[in-house]
Chemist: 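Can you read through this structure? Questions will come right after.
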Amino acid sequence: MKPERKGLLCAVGATIFFGCGNTALKLIYRYFDQIPFQDLSLIRSLFCMAVFLLLLLRRDPALLRVKAKELAFFAFTGVCGLFLVQFCMLLSLQFAPVGVCSFTQSSSTIMVCLCSVALFHERISREKRLGIAVGLTGLAFVVWNPEILQGGRMFAWGVLAAFASGIGKTVYMVCGKLAGQRGRKLPLMFYGMAAGAFMGLPFSGGLSAAASCFLDWRAALVLAGYLLVFSALPYLLTFRSVELLPASTAGALNVVEPLAATVSAFLILGEPLLWNHLLGAALTVTSVLLIHRDTEREP
């Protein structure tokens with residue numbers, strides 16, 4: 001398989017898993033006691049840190065040795081990217097619907113493209129610009145609901161938190177591209193998640209509160225599955241995609257995430273799927289095809 005096609009599959013797979021993860025979380029909340037979002041953010045960071053450490057040790061334990069300047073870069077990525085994107089997204093879900101939060105976070109699509117031009121001198125072709133515009137229009141249809149948009153101050157705070165999550169997503173995708181160019185993807189993920197977990201400690205109930213979520217073996221099994229499939233795996237796919245693709249292309253495919261959240265909520269939670277959702281889905285699929293067509297022609 002061509003590297004470009006493999007990168008596209010990784011990017012689309014990551015956004016689908018991230019989008020469906022919000023639906024899975026609502027399903028977990030439906031059958032188990034709700035976990036405070038601060039504790040869940042800490043648990044996600046610690047779990048991903050452990051997974052990436054195992055992968056790193058299996059690949060080459062020598063990769064754990066890093067220079068001070070490199071460690072500072074990893075810590076910056078973890079705090080401003082990995083921690084911010086998880087914490088703010090979980091916070092936003094407390095005040096705004098899943099679709100609106102995912103759509104607002106997808107502002108990272110444009111921010112990643114701008115960073116790609118400035119930092120990597122990437123070409124944003126007319127076809128890719130059209131794909132981004134069509135995709136964002138489709139997302140607007142997916143989340144459009146006049147009643148929701150009159151949600152008041154708490155709704156506005158939720159949207160603001162989701163936008164901050166989009167900034168975090170931009171940071172970790174750009175930093176992941178830089179680390180991938182130097183063959184330092186796994187150390188970045190491990191040390192970044194460690195820094196994110198350390199940053200999350202003051203906001204959470206601490207390690208004891210995080211450990212208490214695993215006392216019930218059934219809840220522990222479900223939570224571990226959620227963390228592996230909807231946290232660690234999509235992060236791995238995202239970092240792999242920015243290795244194989246221009247960062248602007250991987251970022252543009254973020255438009256799939258809100259669509260995945262809406263469709264999975266319809267199939268699993270029974271949430272309504274309206275005409276605007278179907279129109280938005282058609283536009284989003286069109287945008288992915290346009291971006292794919294452009295990527296196939298890139299050198």
Chemist: As an exercise, state the distance from CG of L178 to CG of L188, rounded to the nearest 0.5 Å.
Modeler: 9.5 Å
Chemist: Taking all non-hydrogen atoms of both residues, which atom of S241 and which atom of C10 are closest, and how far apart?
Modeler: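 Result for this residue pair: CB-CB, 3.9 Å.
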Chemist: What are the two closest heavy atoms between A164 and C88, and how far apart are they?
Modeler: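 Closest approach of A164 to C88: CB-SG, 3.8 Å.
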Chemist: List the steps, then state whether side chain to side chain contact (heavy atoms under 4.5 Å, CB included) holds for R44 with M49.
Modeler: CA-CA 8 Å; R44 286 180 71 171; M49 182 185 76; over 6 Å; no
Chemist: Which distance, rounded to the nearest 0.5 Å, do you find between the OG of S116 and the NZ of K177?
Modeler: 8.0 Å
Chemist: At their closest point, which heavy atom of A14 faces which heavy atom of P234, and how far apart are they?
Modeler: CB-O, 3.5 Å
Chemist: Do M193 and Y191 belong to the same hydrophobic cluster, where Ile, Leu, Val, Met, Phe, Trp and Tyr are linked whenever their side-chain heavy atoms lie under 4.5 Å apart, directly or via other members?
Modeler: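 Linked within one cluster.
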Chemist: For residues V85 and V51: do they belong to one hydrophobic cluster (side chain heavy atoms under 4.5 Å, members Ile, Leu, Val, Met, Phe, Trp, Tyr)?
Modeler: yes
Chemist: Before you tell me yes or no, could you show the steps for S108 and M173 under side chain to side chain contact (heavy atoms under 4.5 Å, CB included), namely the whole-Å CA-CA distance, both residues' side-chain angles and the distance that decides it to 0.1 Å?
Modeler: CA-CA 9 Å; S108 62; M173 290 189 74; 5.5 Å; no
Chemist: Should P246 and F120 count as side-chain neighbours, where that means a heavy-atom distance under 4.5 Å?
Modeler: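 No - every pair of side-chain heavy atoms lies 4.5 Å or more apart.
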Chemist: Name all residues meeting the ring pair (Phe, Tyr, Trp, His ring centres under 6.0 Å) criterion together with F190; count only those two or more places apart in sequence or in a different chain, and write none if there are none.
Modeler: none
Chemist: Side chain of S41, backbone of Q38: donor and acceptor closer than 3.5 Å?
Modeler: no
Chemist: Taking L228's backbone N and O only, do any of them form a donor-acceptor pair with S231's side chain (distance below 3.5 Å, no angle check)?
Modeler: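 No.
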Chemist: Taking all non-hydrogen atoms of both residues into account, name the closest pair between T23 and S264 and its distance.
Modeler: OG1-OG, 2.7 Å
Chemist: Using the ring-ring contact (aromatic ring centres under 6.0 Å, His included) rule, collect all pairs that involve residues 239-269, keeping only residues at least two apart or in two chains.
Modeler: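 Those involving residues 239-269 are Y172-F239.
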Chemist: Please examine the side chains of V159 and F163, heavy atoms only from C-beta on, and report whether any two atoms are closer than 4.5 Å.
Modeler: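 No, their side chains stay 4.5 Å or more apart.
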Chemist: Would you mind reporting whether L53 and L64 have side-chain heavy atoms less than 4.5 Å apart?
Modeler: yes
Chemist: For the pair R65 and E70, find out whether any cationic side-chain nitrogen is under 4.0 Å from an anionic carboxylate oxygen.
Modeler: no
Chemist: Taking C-beta and beyond as the side chain, do I43 and C213 meet within less than 4.5 Å on heavy atoms?
Modeler: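 In short, these two side chains touch, coming nearer than 4.5 Å.
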Chemist: For residues E243 and K6, determine if any side-chain heavy atom of one lies less than 4.5 Å from a side-chain heavy atom of the other.
Modeler: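 Result no, sub-4.5 Å side-chain heavy-atom pair not found.
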Chemist: Are L54 and M189 connected into the same hydrophobic cluster when the rule is that any two of I, L, V, M, F, W, Y join if their side-chain heavy atoms are below 4.5 Å apart?
Modeler: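 Hydrophobic grouping puts M189 apart from L54.
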Chemist: For V256, is there any backbone N or O sitting under 3.5 Å from a side-chain donor or acceptor partner on T15?
Modeler: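 No; zero donor-acceptor contacts below 3.5 Å.
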Chemist: Partners of F87 by ring pair (Phe, Tyr, Trp, His ring centres under 6.0 Å), sequence neighbours excluded?
Modeler: F37, F83, F203
Chemist: For residues F52 and L56, determine if any side-chain heavy atom of one lies less than 4.5 Å from a side-chain heavy atom of the other.
Modeler: no
Chemist: Using the side chain to side chain contact (heavy atoms under 4.5 Å, CB included) rule, take L27 and I268 through it: C-alpha gap first, then chi angles, then the decisive distance, then the call.
Modeler: CA-CA 8 Å; L27 195 63; I268 298 172; 3.8 Å; yes
Chemist: Same hydrophobic cluster for F230 and F214, using side-chain heavy-atom links shorter than 4.5 Å among ILVMFWY?
Modeler: yes
Chemist: Over all heavy atoms of both residues, which pair between L90 and Q94 is shortest? Give the atoms and the distance, please.
Modeler: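 For L90 and Q94, the tightest heavy-atom pair comes out as O-NE2, 3.0 Å.
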Chemist: Would you say that L55 contacts L236 through its side chain, given a criterion of any heavy-atom pair below 4.5 Å between the two side chains?
Modeler: yes
Chemist: How many angstroms lie between atom CG of L160 and atom CZ of F95, to the nearest 0.5 angstrom?
Modeler: 11.0 Å
Chemist: Is there a side-chain contact between V174 and L119 (heavy atoms, below 4.5 Å)?
Modeler: yes
Chemist: Using modelled atom types and a 3.5 Å cut-off, is there a donor and acceptor pairing between side-chain atoms of T170 and backbone atoms of G166?
Modeler: yes
Chemist: To the closest 0.5 Å, what do you measure between CE (M199) and CG (L84)?
Modeler: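 The CE atom of M199 sits 9.0 Å away from the CG atom of L84.
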Chemist: I'd like to know whether L91 forms a side chain to side chain contact (heavy atoms under 4.5 Å, CB included) with W157, so could you lay out the CA-CA distance, the side-chain angles of the two residues, the decisive distance to 0.1 Å, and finally the verdict.
Modeler: CA-CA 9 Å; L91 173 62; W157 278 113; over 6 Å; no
Chemist: When clusters are formed by joining ILVMFWY residues with side-chain heavy atoms under 4.5 Å apart, either directly or through shared neighbours, do V79 and I167 land in the same one?
Modeler: no
Chemist: Look at the side chain of S204 and the backbone N and O of D39, then say whether any donor-acceptor pair between them is shorter than 3.5 Å.
Modeler: no
Chemist: Quick one: closest heavy-atom pair of G176 and V242, and the distance?
Modeler: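 Closest approach of G176 to V242: C-CG2, 3.9 Å.
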Chemist: To the nearest 0.5 angstrom, please state how far the CG atom of L42 sits from the CG atom of L207.
Modeler: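 Nearest 0.5 Å value for the CG-CG distance: 6.0 Å.
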Chemist: Would the distance check show the side chain of K185 and the main-chain N or O of G180 forming a donor-acceptor pair, the cut-off being under 3.5 Å?
Modeler: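 Not a single qualifying donor-acceptor pair exists.
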